[in-house]
Amino acid sequence: RMLKRQMECRRDIDRLNAPFLAIYESLVPPEEEKAKQKQLLSLLEKLVNKEWPQARLYLYGSCANSFGVLKSDIDVCLAIQNADINKSEVLLKLADILQSDNLQNVQALTRARVPIVKLMDPVTGISCDICINNVLAVVNTKLLWDYAQIDVRLRQLAFIVKHWAKSRGVNETYHGTLSSYAYVLMCIHFLQQRRPAILPCLQEMEATYSVAVDDIQCAYFDQVEKLRGFGSRNKETIAQLVWAFFNYWAYRHDYANAVISIRTGSIISKREKDWTRRIGNDRHLICIEDPFEISHDLGRVVDKYSIKVLREEFERAADIMQYDPNPCVTLFEPY
Ligand code: ATP
Ligand code: MG
């Protein structure tokens, strides 16, 4: 009888597949948008190279990791070799150059955790953040992109989770909730944990790609075209995965002891990372290990108020997936 009941629940949840896929499709950016991004990037490259002929520009973040929804801002990294540059000076100089070329809302934020220049291009309507020599972000962008090539359910799940997080106001690091990057890591980890697994752990496999960034060695298996079909023994549908994802973060995750780690493809303990107590402003109330900068907890922005908000939102989402007659609407209701 239990089994029969379980089967009925599955069928019941599977009626949500079509609407979830429709939401996913509606968020995928159209090809024109990619073309506009490229156009803006070449304009920026031209301007930058007049001042710094050796410098290169790289796209990173959601415009390059395949987790960007339509109308996203673009993130650009300016790579300058010269070791003794002063980042603030470069940013101010850069802001100057951009301003005099009619780019709008140009602003140098030299005191931010990651110092950037912000701008808006009136021709394409695209907003853009430029940082300097943030090579690690370019490398973790590639890792996310590579994971997305293995199983389409990762991109589907991450789009829905990001859309939910933005709708519910829990995608704002300056308010103590999580970055888009953190949510994508949560999705990758979750799909690594399914049985049978939907995603492998690329960093535990033989390295076919390896770069050193400062003192961090970034290495993993990046021949992902060989891994297409990896998760095909697992037949879970997007609706089942959305249900299970929220159920995990609402009722199953061990917030007191567990760290999620896509680097190891498993859960590791707070104790072994020495993330058991508050140090400075890092409270480790929800622990998400960065795949390369392993002393970095993406959950460190979360404080004792926002952890409550976050967990209540996970519970709300899990309960909606379980009981609401129309989850595809209720889930994304503005808060
Ligand atoms: P969105 O669509 O919301 O802009 P995004 O993927 O661009 O999503 P952001 O949170 O804006 O995500 O981050 C941009 C990129 O910066 C990430 O893809 C990642 O490479 C890097 N990044 C962001 N936050 C961190 C962090 N705390 N530690 C390391 N890298 C980070
Ligand atoms: Mg971004």
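Read the numbers this way: they start at 1 and go in the same order the structure lists the ligands and their atoms. In this chain, residues are counted from 1 in sequence order.
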(request) Among all protein heavy atoms, pick the one closest to atom 18 (O) of ligand 1 and tell me residue, atom and distance. (result) Gly61 CA, 3.3 Å
(message) Between Asp282 and Arg278, does any side-chain N to carboxylate O distance fall below 4.0 Å?
(response) no
(request) Using a strict 4.0 Å cut-off to heavy atoms of Tyr60, name the atoms of ligand 1 that fall inside it. (result) 15 (C), 16 (O)
(request) Taking the six-membered ring for Trp and the full ring for Phe, Tyr or His, determine whether the centres of Tyr209 and Tyr220 are under 6.0 Å apart. (result) yes
(message) For the aromatic rings, using the six-membered ring if either is Trp, is the centroid distance between Phe314 and Trp164 under 6.0 Å?
(response) yes
(message) Counting only heavy atoms closer than 4.0 Å, does ligand 1 sit against the backbone of Lys142, its side chain, both, or neither?
(response) neither
(message) Regarding ligand 1, does Leu144 bring an N or O atom to under 3.5 Å of one of the ligand's N or O atoms?
(response) no
(request) Taking the six-membered ring of Tyr255 (Phe, Tyr or Trp), confirm whether the NZ or CZ of Arg311 is under 6.0 Å from its centre and within 45° of its axis. (result) yes
(request) Output the list of atoms in ligand 1 that are nearer than 4.0 Å to some heavy atom of Arg113, sorted by atom number. (result) 26 (C), 27 (N)
(request) Would you check whether Lys166 has a nitrogen or oxygen atom less than 3.5 angstrom from a nitrogen or oxygen atom of ligand 1? (result) yes
(message) I need the protein N, O or S atoms closer than 2.8 Å to the Mg ion (ligand 2), given as residue plus atom name.
(response) Asp75 OD2
(request) Look up atom 7 (O) of ligand 1 and tell me if a protein heavy atom lies less than 4.0 Å from it? (result) yes
(request) Do me a favour and list the nearest non-hydrogen protein atom to atom 3 (O) of ligand 1 with residue, atom name and distance? (result) Ser180 OG, 2.5 Å
(request) Within a distance under 4.0 Å of any heavy atom of Asp75, pick out the atoms of ligand 1 and give their elements. (result) 7 (O), 14 (C)
(message) Does ligand 1 come near enough to Glu293 that some N or O of the ligand is less than 3.5 Å from an N or O of the residue?
(response) no
(message) Considering non-hydrogen atoms of the protein only, which is the closest contact for atom 20 (O) of ligand 1, and what is the distance?
(response) Asn140 OD1, 2.4 Å
(message) Is the contact between Asn65 and ligand 1 made by the side chain, the backbone, both, or neither, using heavy atoms and a 4.0 Å cut-off?
(response) side chain
(request) Give the contacting part of Val138 toward ligand 1: side chain, backbone, both or neither, where contact means a heavy-atom distance below 4.0 Å. (result) neither
(request) Can you pull out the closest protein heavy atom to atom 4 (O) of ligand 1? Residue, atom name and distance to 0.1 Å, please. (result) Ser62 OG, 3.6 Å
(request) Tell me which part of Asp73 gets within contact of ligand 1: side chain, backbone, both or neither, using heavy atoms under 4.0 Å. (result) neither
(message) Give me the residue, atom name and distance of the protein heavy atom closest to atom 13 (O) of ligand 1.
(response) Tyr181 CB, 4.5 Å
(message) Ring of Trp275, cation from Lys273 - is the NZ or CZ under 6.0 Å from the centre and inside 45° of the axis?
(response) yes
(message) Below 30° counts as parallel, above 60° as perpendicular, anything between as tilted: where do the rings of Phe332 and Phe20 land?
(response) perpendicular
(message) Suppose I only count heavy atoms of Leu298 and a 4.0 Å limit; which atoms of ligand 1 are within that range?
(response) 26 (C), 27 (N), 28 (N)
